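In this text, all values refer to a predicted model and were calculated from it rather than measured experimentally.
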Amino acid sequence: MFNTADNQFHLSRRETLRTVGAAAALVIGSTVAGGPHQAQAAAATVDASARNAAGFWPNGARLAVSLSLMFEGGGQPISGAGGVIPDKIEDGVPDLPTNAFFAYGHYEGIPRVLDLMDRHGIKLSSFMIGKAVEISPDLAREIVRRGHEAAAHGRVWDNSYRLSRDMEKRFIADSVETIQKITGEKPLGWNAYWMRNSIHILETLQDLGFLYHIDEPSRDEPFIIPVRGRDFVTVPYTFHMNDIVSFPFEGWNPAAYEQALRDEFDQLYEEGAHRRRMMVVSLHDRISGHAGRVRALDRFLTYAKGKEGVWFARKDEVARWALDHRADTPVIERGSPNVTGLPGPTA
């Protein structure tokens, strides 16, 4: 097992030159043009047999496992936020129990998950709502103090894709400024509300100094999209291993959740013998932080750490590894999102 809290991975000058040279020889891009009703992606491919024979991750690991912890409690509207109560509250009336449900995340959920990560020696990426960080600044600082990544999740828990390009940029920048001011760490990763951004998102994130985003559940490994002549990394996210989507409170089955985690891990671990594979697990402060859920997650992490060659990584570490090993990373030349239906450069 490899924990990046104690190890830094850098390319030597010779390795860098070798990587750049191999990238020029191996990466082939093609842009697919289609009609306005076609959703097509143009992808460059790298033959798996040409990949690094010593392993696809640090120290020859065969699988990367990356956990996300969404820090959202306090960033929701006090009336109308989605929760566990099926009946919608009347417009404008403060939804007291739903707000208390969100508050569970910062009172109980996040501290419990942080303790679990400490027991296993794992570092995760926490995507933080700016307003939530303002409400619980000590908790945000504690996340960073324990070695976890502080990433950005917007000013408040709401959509930004309907905003103008400049307003969306301000929406994201506000959360970056808040997180950096309170934690001392500038976010390098972005996640939108339900993964929905405007078509300008990659250029906007690039302008704001981001290294990567996670708003695409299309692959089981990181990939690169060139944007205005510079590489931008996608570290894929997940719906099916996401507690808020596939494992909500209604019908919750801890045995089924644990088995789903194991099955996902085992399949990707098996594939990792011959191609780069990454497993993503998404946790929310007010959901996975409950006592019984942490027990199920604890059992899975014990199982996964019992396997050789597993790299538990923060998402910024995964993104940097992809960039530093570009010759081994899929590079996708995409057209405009209006053509492909997928994140890409607009020009």
*With the side chain counted from C-beta on, respond yes when D215 and I201 share a heavy-atom pair under 4.5 Å apart, and no when they do not.*
no
_Atom pair CZ (F171) and CG (D166), whose distance is rounded to the nearest 0.5 Å_ = 15.0 Å
*May I ask you to decide if K315's main-chain N or O and S125's side chain share a donor-acceptor pair within less than 3.5 Å?*
yes
*Carefully, step by step, assess T234 and I214 under the rule side chain to side chain contact (heavy atoms under 4.5 Å, CB included).*
CA-CA 6 Å; T234 298; I214 65 171; over 6 Å; no
*Kindly confirm or rule out a cation-pi arrangement of R320 over Y212, judged by NZ or CZ under 6.0 Å from the six-membered ring centre and within 45° of its axis?*
no
*Determine, for E177 against R170, whether the closest basic-nitrogen to carboxylate-oxygen distance falls under 4.0 angstrom.*
yes
*Would you say the side-chain atoms of K305 pair up with the backbone N or O of H120, donor to acceptor, closer than 3.5 Å?*
yes
*Would you mind reporting whether L297 and Y257 have side-chain heavy atoms less than 4.5 Å apart?*
yes
_Taking the basic N atoms (NZ, or NE/NH1/NH2) and the acidic carboxylate oxygens, is any pair closer than 4.0 Å for R262 and E258?_
yes
_Interatomic spacing from CE in M241 to CG in L67 - rounded to 0.5 Å_ = 12.0 Å
_If I compare all heavy atoms of M195 with all of P217, which pair ends up nearest, and what's the gap?_
SD-CD, 3.9 Å
*asked:* Surrounding CZ of R196 (heavy atoms of other residues, nucleotides or ligands, distance under 6.0 Å), is the total greater than 12?
replied: no
*CE/M278 to OG/S66 distance, rounded to the nearest 0.5 angstrom?*
4.5 Å
*Side chain of S136, backbone of L139: donor and acceptor closer than 3.5 Å?*
no
*Y193, F127: one ILVMFWY side-chain cluster at the under-4.5 Å cut-off?*
yes
_Quick check: closest heavy atoms across R146 and K123, and the distance to 0.1 Å?_
O-NZ, 2.7 Å
_G130 versus T178, closest heavy-atom pair with distance_ = O-CG2, 3.5 Å
_Does the structure place the NZ or CZ of R62 under 6.0 Å from the centre of the six-membered ring of Y269, at an angle of no more than 45° from the ring's axis?_
yes
*Indicate if W311 and L323 have the same hydrophobic cluster label, given that clusters are the connected sets of ILVMFWY residues with side-chain heavy-atom separations under 4.5 angstrom.*
yes
*Under 30°, 30 to 60°, or over 60°: which ring-plane class applies to F265 and Y303, parallel, tilted or perpendicular?*
perpendicular
*Side chain proximity check, D243 to R293, heavy atoms < 4.5 angstrom*: yes
*Find out whether W252 and I287 are in side-chain contact, i.e. whether some heavy atom of one side chain is under 4.5 Å from a heavy atom of the other.*
no
*Using modelled atom types only, decide if a donor and an acceptor are shared between the side chain of W321 and the backbone of F56 within a distance under 3.5 Å.*
yes
*Considering all heavy atoms, the nearest G289-V113 contact*: CA-CG2, 3.9 Å
*Rounded to the nearest 0.5 Å, how far does CE of M70 lie from OG of S288?*
11.5 Å
*Candidate pair R299 and R295, rule side chain to side chain contact (heavy atoms under 4.5 Å, CB included), full reasoning*: CA-CA 6 Å; R299 290 191 296 271; R295 280 294 180 99; 3.9 Å; yes
_Around atom CZ of R119, are there more than 12 heavy atoms from other residues, nucleotides or ligands closer than 6.0 Å?_
yes
*asked:* For the residue pair S126 / E149, report whether a side-chain donor-acceptor contact shorter than 3.5 Å exists.
replied: no
*Taking only Lys NZ, Arg NE, NH1 and NH2, and the carboxylate oxygens of Asp or Glu, determine whether R228 and D207 approach each other closer than 4.0 Å.*
yes
*Evaluate side chain to side chain contact (heavy atoms under 4.5 Å, CB included) for V227 paired with E203, printing each intermediate quantity in order.*
CA-CA 7 Å; V227 179; E203 286 112 338; 3.9 Å; yes
*asked:* Using a 3.5 Å distance criterion without hydrogens, assess whether the side chain of E168 forms a donor-acceptor pair with backbone atoms of S198.
replied: yes
*Out of curiosity, does L202 fall in the hydrophobic cluster containing L163 (side-chain heavy atoms, cut-off under 4.5 Å, transitive links)?*
yes
_Closer than 3.5 angstrom, by distance alone: can the side chain of N253 be matched with the main-chain N or O of A255 as a donor-acceptor pair?_
yes
*asked:* Hydrophobic clustering (ILVMFWY, side-chain heavy atoms < 4.5 Å, transitive) - are Y104 and L96 grouped together?
replied: no
*Is it the case that W190 and N197 place a side-chain donor and acceptor less than 3.5 Å from each other?*
yes
*Between H290 and F101, how do the two ring planes meet: parallel, tilted or perpendicular, split at 30° and 60°?*
parallel
*asked:* Could you tell me if the side chain of L69 sits less than 4.5 Å from the side chain of H148, heavy atoms only?
replied: no
*Taking only Lys NZ, Arg NE, NH1 and NH2, and the carboxylate oxygens of Asp or Glu, determine whether R112 and D115 approach each other closer than 4.0 Å.*
no
*Can you measure from CD (E216) to CD1 (I332) and round to the nearest 0.5 angstrom?*
6.5 Å
_With a 3.5 Å distance limit and no angle check, can you tell me whether R334 reaches the backbone of P343 through a side-chain donor-acceptor pair?_
yes
*Would you say the side-chain atoms of N242 pair up with the backbone N or O of I244, donor to acceptor, closer than 3.5 Å?*
yes
*asked:* Assess, by modelled atom type and distance only, whether the side chains of S68 and Y237 contain a donor and an acceptor separated by less than 3.5 Å.
replied: no
*Tell me, yes or no, whether the heavy-atom count around Y161 atom OH, taken from other residues, nucleotides or ligands under 6.0 Å, exceeds 12.*
yes
*Stepwise, does the salt bridge (Lys or Arg N to Asp or Glu O under 4.0 Å) test hold for D174 with K131?*
CA-CA 10 Å; D174 281 351; K131 187 177 177 182; over 6 Å; no
*asked:* Evaluate I129 against R155 for side chain to side chain contact (heavy atoms under 4.5 Å, CB included), listing each step before the verdict.
replied: CA-CA 6 Å; I129 295 287; R155 180 173 58 229; over 6 Å; no
*asked:* Quick check on the hydrophobic clustering: are V294 and F247 connected, directly or via other members, by side-chain heavy-atom contacts under 4.5 Å?
replied: yes
*Considering only heavy atoms from C-beta outward, does the side chain of V133 approach that of F71 to under 4.5 Å?*
yes
*If you look at every heavy atom in P254 and A296, which pair is closest and at what distance?*
O-CB, 4.5 Å
_Positive for side-chain contact (heavy atoms from CB on, under 4.5 Å) with S79, one of D91, I89, D95, N99_ = I89
*With a 4.5 Å limit on heavy-atom distance, are the side chains of V280 and D220 in contact?*
no
*Would you verify whether the NZ or CZ of R276 falls within 45 degrees of the ring axis of W57 while also being under 6.0 Å from that six-membered ring's centre?*
yes
_Tell me whether R314 contacts the main-chain N or O of G147 through its side chain, where contact means a donor paired with an acceptor under 3.5 Å._
yes
*Under a 4.5 Å cut-off applied to non-hydrogen side-chain atoms, are P330 and E221 in contact?*
yes
*Nearest-0.5 Å distance that lies between atom CG in L342 and atom CD1 in I225*: 8.0 Å
_For D263 and Q267, which I'm curious about, is there any donor-acceptor pair between the side chains at under 3.5 Å?_
no
_So that I know where these two stand, are F102 and W157 an aromatic pair - ring centroids less than 6.0 Å apart?_
yes
*asked:* If I compare all heavy atoms of G74 with all of I135, which pair ends up nearest, and what's the gap?
replied: O-CD1, 3.3 Å
*Would you find a donor on one side and an acceptor on the other, under 3.5 Å apart, between the side chain of E185 and the backbone of T183?*
no
